[in-house]
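Notes follow once the structure below has been shown.
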Amino acid sequence: QVQLVESGGGLVQAGDSLRLSCTASGRTFKTYNMGWFRQAPGKEREFVAAISWSGSRTYYADSVKGRFTISRDNAKNTVYLQMNSLKPENTAVYYCAATTKATLPLLEYEYSYWGQGTQVTVSS
């Protein structure tokens, strides 16, 4: 089992950058593939990015490809989401999640553990 805590959210202007962090408890963090999701007001939670346990594989939603970068530091039990060129439509609560699946899942139900989320607000 793993507990996840996100941080790094805040209020920024359009075009700014922000880096989210997700720190996990437990010594098994490096065995999990990790994902980032987000939920905007009035919308369903959606997939943003995922990374394999080793960091060698990543996958992105088309809407963030080229602007967002997912990475991890297993020595620090932390996964990151670097967000550049932020847009107002990126405003959402961002969640990290952990999965035991060997693939990089896109669907919520394939992730077993979730953080509490961190708010990102992008003003125009």
Side-chain angles (χ1 to χ4, degrees):
Q1 189 163 344
V2 61
Q3 285 79 45
L4 305 172
V5 179
E6 300 96 335
S7 61
L11 172 62
V12 296
Q13 294 186 331
D16 285 351
S17 298
L18 206 57
R19 189 178 78 160
L20 306 182
S21 300
C22 172
T23 301
S25 63
R27 292 176 289 179
T28 60
F29 171 75
K30 63 182 179 182
T31 67
Y32 292 93
N33 291 342
M34 300 294 295
W36 282 97
F37 287 74
R38 65 187 178 189
Q39 187 167 22
K43 295 188 177 181
E44 295 185 350
R45 191 153 53 183
E46 65 176 1
F47 171 81
V48 175
I51 188 167
S52 62
W53 66 270
S54 66
S56 62
R57 292 180 292 134
T58 58
Y59 191 79
Y60 297 92
D62 287 343
S63 60
V64 305
K65 204 173 293 184
R67 295 188 301 118
F68 289 13
T69 303
I70 188 171
S71 62
R72 67 190 294 162
D73 184 340
N74 287 340
K76 295 182 178 180
N77 277 13
T78 301
V79 61
Y80 303 98
L81 184 67
Q82 177 68 43
M83 304 185 294
N84 298 330
S85 302
L86 282 163
K87 306 175 182 179
E89 53 263 42
N90 299 142
T91 294
V93 177
Y94 284 71
Y95 300 88
C96 70
T99 179
T100 57
K101 299 287 185 180
T103 58
L104 297 183
L106 309 184
L107 302 177
E108 289 184 61
Y109 75 87
E110 295 189 279
Y111 288 81
S112 303
Y113 305 103
W114 292 82
Q116 83 290 346
T118 185
Q119 176 71 48
V120 173
T121 303
V122 185
S123 64
S124 57

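Throughout, numbering of the chain's residues begins at 1 and tracks the sequence. These figures come from a predicted structure and were not determined experimentally.
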Going by side chain to side chain donor-acceptor pair (under 3.5 Å), name the pairs with one or both residues in residues 92-106, residues two or more places apart or in two chains.
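Found R38-Y94.
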How about K30: does its NZ atom have over 12 heavy atoms from other parts shown lying under 6.0 Å from it?
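No.
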Under 4.5 Å between any side-chain heavy atoms of [X] and [Y], yes or no?
X	Y	value
L20	Y80	no
R45	E108	yes
Q82	S71	no

List the steps, then state whether side chain to side chain contact (heavy atoms under 4.5 Å, CB included) holds for L86 with L18.
CA-CA 8 Å; L86 282 163; L18 206 57; 3.8 Å; yes
When rounded to the nearest 0.5 angstrom, what is the spacing between [atom1] in [X] and [atom2] in [Y]?
X	Y	atom1	atom2	value
N33	E110	CG	CD	11.0 Å
N77	S21	CG	OG	12.5 Å
S124	Q13	OG	CD	9.0 Å
T23	L4	OG1	CG	9.0 Å
S63	N90	OG	CG	7.5 Å

Cluster link [X] to [Y], ILVMFWY, side chain under 4.5 Å:
X	Y	value
V64	L104	no
L106	Y60	no
V2	V79	yes
V93	L81	no

What verdict does the side chain to side chain contact (heavy atoms under 4.5 Å, CB included) test give for V5 and Q116, after you've listed the backbone C-alpha separation in whole Å, the side-chain angles of each residue and the deciding distance to 0.1 Å?
CA-CA 7 Å; V5 179; Q116 83 290 346; 4.2 Å; yes
Apply side chain to side chain contact (heavy atoms under 4.5 Å, CB included) to Y32 and Y113, showing your working.
CA-CA 10 Å; Y32 292 93; Y113 305 103; 3.7 Å; yes
Before you tell me yes or no, could you show the steps for T91 and V120 under side chain to side chain contact (heavy atoms under 4.5 Å, CB included), namely the whole-Å CA-CA distance, both residues' side-chain angles and the distance that decides it to 0.1 Å?
CA-CA 5 Å; T91 294; V120 173; 5.9 Å; no
R72 to W53 six-membered ring, cation-pi geometry met (6.0 Å, 45°)
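Checked: cation-pi criterion not met.
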I need the minimum non-hydrogen distance between [X] and [Y], along with the two atoms involved.
X	Y	answer
Q119	A92	NE2-O, 3.4 Å
I70	M34	CD1-O, 4.2 Å
Q3	Q1	NE2-NE2, 3.6 Å
F47	P105	CE1-O, 3.6 Å

So, does S52 use its side chain to make a donor-acceptor pair with the main chain of R57 at under 3.5 Å?
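Yes, S52 side chain to R57 backbone: donor-acceptor pair under 3.5 Å.
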Parallel, tilted or perpendicular: ring planes of Y111 versus F37, cut at 30 and 60 degrees:
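Rings of Y111 and F37: perpendicular, over 60°.
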Ignoring hydrogens and angles, state whether a donor on the side chain of E6 or T118 is under 3.5 Å from an acceptor on the partner side chain.
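Absent: no donor and acceptor within the cut-off.
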Is there a donor-acceptor contact under 3.5 Å linking the side chains of T78 and D73?
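No pair is found: no donor N or O on one side chain lies under 3.5 Å from an acceptor on the other.
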